[in-house]
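Heads up: the structure comes next, in structure tokens.
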Amino acid sequence: MEHVSLSYSTLTQLPPCALAFYPSDSRFVIVGTYKLEQDGSRHGTLDIYDCANGELEHCSTIESTDSSILDLKFSPHDSSLLASAHSTGRICLWRVSPTREDGIDVELISTYDVADSSDVLVLSICFSPIDPVVLSVTLSSGEWRLCSISTESAVATLQVDNSFMAHSLEAWTSAFSSNGSLLFSGGDDSVLSAYDLRAGIKVWQDKRTHSAGVTSILPFHDNESQIWTGSYDEKLRVWDLRGPYSKGNVVNELSLGGGVWRLIDHPKVAEKLVLSCCMHGGARIINTSDELSDASVVGNISEGHDSMVYGGDWSSDGGYIATCSFYDKKLNLWSYR
């Protein structure tokens, strides 16, 4: 088993549900928080932490007074561009940059209401691996929406280019195929769906494999025939998609001991590792063998959290892992060797 040890633990002010290391300088991790009040209102924060010397020092907080934050993603094409998903149907774009004082500055550059109503939550964000201006978002209404970022003016703006009602319940997640032509989505209706963005048609969906909601999808960009899916049913499934428009076969299934909420690829593809956030089960490190059926758990993060682990990420060199759990408001930094 791989060696994972707790380096530092701290508490956030509000419940954390998403986090991301700053790709250009993994000293810094950004945490999104979500607070639902008894009157039904929601609010949250972006919290910035400095991870120097294996610790977690709180640097600053940006308040989101009218909405909570459900997901955070850095663009794979521009490490200074951060997108956040909000509970009011909104996407925010942020510019992250180093400061002269050896810190980072997080500046809001654009907001856009991607949903038709502020009662609809944006649940997840995914950037295209091919087109640097394209991203997908999933909504609590069951839709996904394809958005593009315009940089024609001095201020970046967003627009919705396409949408599809892919699910009868919440659309928890989406992911692009390695060539950017397909968009996979998963919903609380236990459906895994694939949509051809070039042809503008749904090409297949699977309603039978998952016994609960589909919460995470991970394509492998060095292997077009493979995707992984995670579900509330606590199973990680490895799919072989070879064949035109084939939904393929499940060739491996792992029980991870908790709902598989997030799947995060190691920043160095050659390491062949994936971090899985498993809600009440903590987190797992999984080996992604060249043989599809040989994927296996090689590391456990089962202590240090007393609640749902919703957020996790690798540092850019893979030497640290950050995880956060919701109700106990824990933010943990793990040394990975």
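Worth knowing before you read on, the calculation uses all heavy atoms, side chains too, and leaves out hydrogens, waters and symmetry mates. By convention here, the first residue in the shown sequence is residue 1.
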Could you check whether any side-chain heavy atom of [X] comes within less than 4.5 Å of a side-chain heavy atom of [Y], counting everything from C-beta outward?
{"X": "Tyr310", "Y": "Leu70", "result": "no"}
{"X": "Trp94", "Y": "Ser84", "result": "yes"}
{"X": "Phe220", "Y": "Val274", "result": "yes"}
{"X": "Lys207", "Y": "Ser190", "result": "no"}
{"X": "Trp239", "Y": "Ile217", "result": "no"}

Problem set entry | Parallel, tilted or perpendicular, as decided by the 30° and 60° cut-offs, for the rings of Trp314 and Tyr336 | perpendicular
Could you give the distance from [atom1] ([X]) to [atom2] ([Y]), rounded to the nearest 0.5 Å?
{"X": "Ser136", "Y": "Leu146", "atom1": "OG", "atom2": "CG", "answer": "7.0 Å"}
{"X": "Arg262", "Y": "Leu275", "atom1": "CZ", "atom2": "CG", "answer": "11.5 Å"}
{"X": "Leu19", "Y": "Phe21", "atom1": "CG", "atom2": "CZ", "answer": "7.5 Å"}
{"X": "Ile227", "Y": "Leu218", "atom1": "CD1", "atom2": "CG", "answer": "9.0 Å"}
{"X": "His58", "Y": "Leu331", "atom1": "NE2", "atom2": "CG", "answer": "10.0 Å"}
{"X": "Leu236", "Y": "Asn252", "atom1": "CG", "atom2": "CG", "answer": "7.5 Å"}

Could you pull out the closest heavy-atom pair between [X] and [Y], with the gap in Å?
{"X": "Tyr34", "Y": "Arg42", "answer": "OH-NE, 2.7 Å"}
{"X": "Pro16", "Y": "Val31", "answer": "CB-CG1, 3.6 Å"}
{"X": "Cys126", "Y": "Ser174", "answer": "CB-O, 3.6 Å"}
{"X": "Ile130", "Y": "Gly180", "answer": "CG1-N, 3.8 Å"}

Problem set entry | Tyr195 and Trp144 aromatic centres sub-6.0 Å | yes
Exercise. Does atom CD of Glu253 have more than 12 heavy-atom neighbours from other groups under 6.0 Å away?
Worked result: yes
Exercise. Heavy-atom count around Glu303 CD within 6.0 Å, excluding the residue itself: above 12?
Worked result: no
Between [X] (side chain) and [Y] (backbone), is there a donor-acceptor pair under 3.5 Å?
{"X": "Ser231", "Y": "Gly213", "value": "yes"}
{"X": "Ser68", "Y": "Lys35", "value": "yes"}
{"X": "His266", "Y": "Lys268", "value": "yes"}

Exercise. What pairs meet the salt bridge (Lys or Arg N to Asp or Glu O under 4.0 Å) rule with one or both residues in residues 78-90, with sequence neighbours excluded?
Worked result: Asp66-Arg90, Asp78-Arg95, Arg90-Asp113
For this session: Determine, step by step, whether Ser302 and Asn300 satisfy the side chain to side chain donor-acceptor pair (under 3.5 Å) criterion, reporting the C-alpha distance in whole Å, the side-chain angles of both residues, the deciding distance to 0.1 Å, and the verdict.
Result: CA-CA 6 Å; Ser302 55; Asn300 287 298; 5.9 Å; no
Problem set entry | Residues His167, Asp188; criterion side-chain contact (heavy atoms from CB on, under 4.5 Å); working and verdict | CA-CA 8 Å; His167 302 278; Asp188 206 48; over 6 Å; no
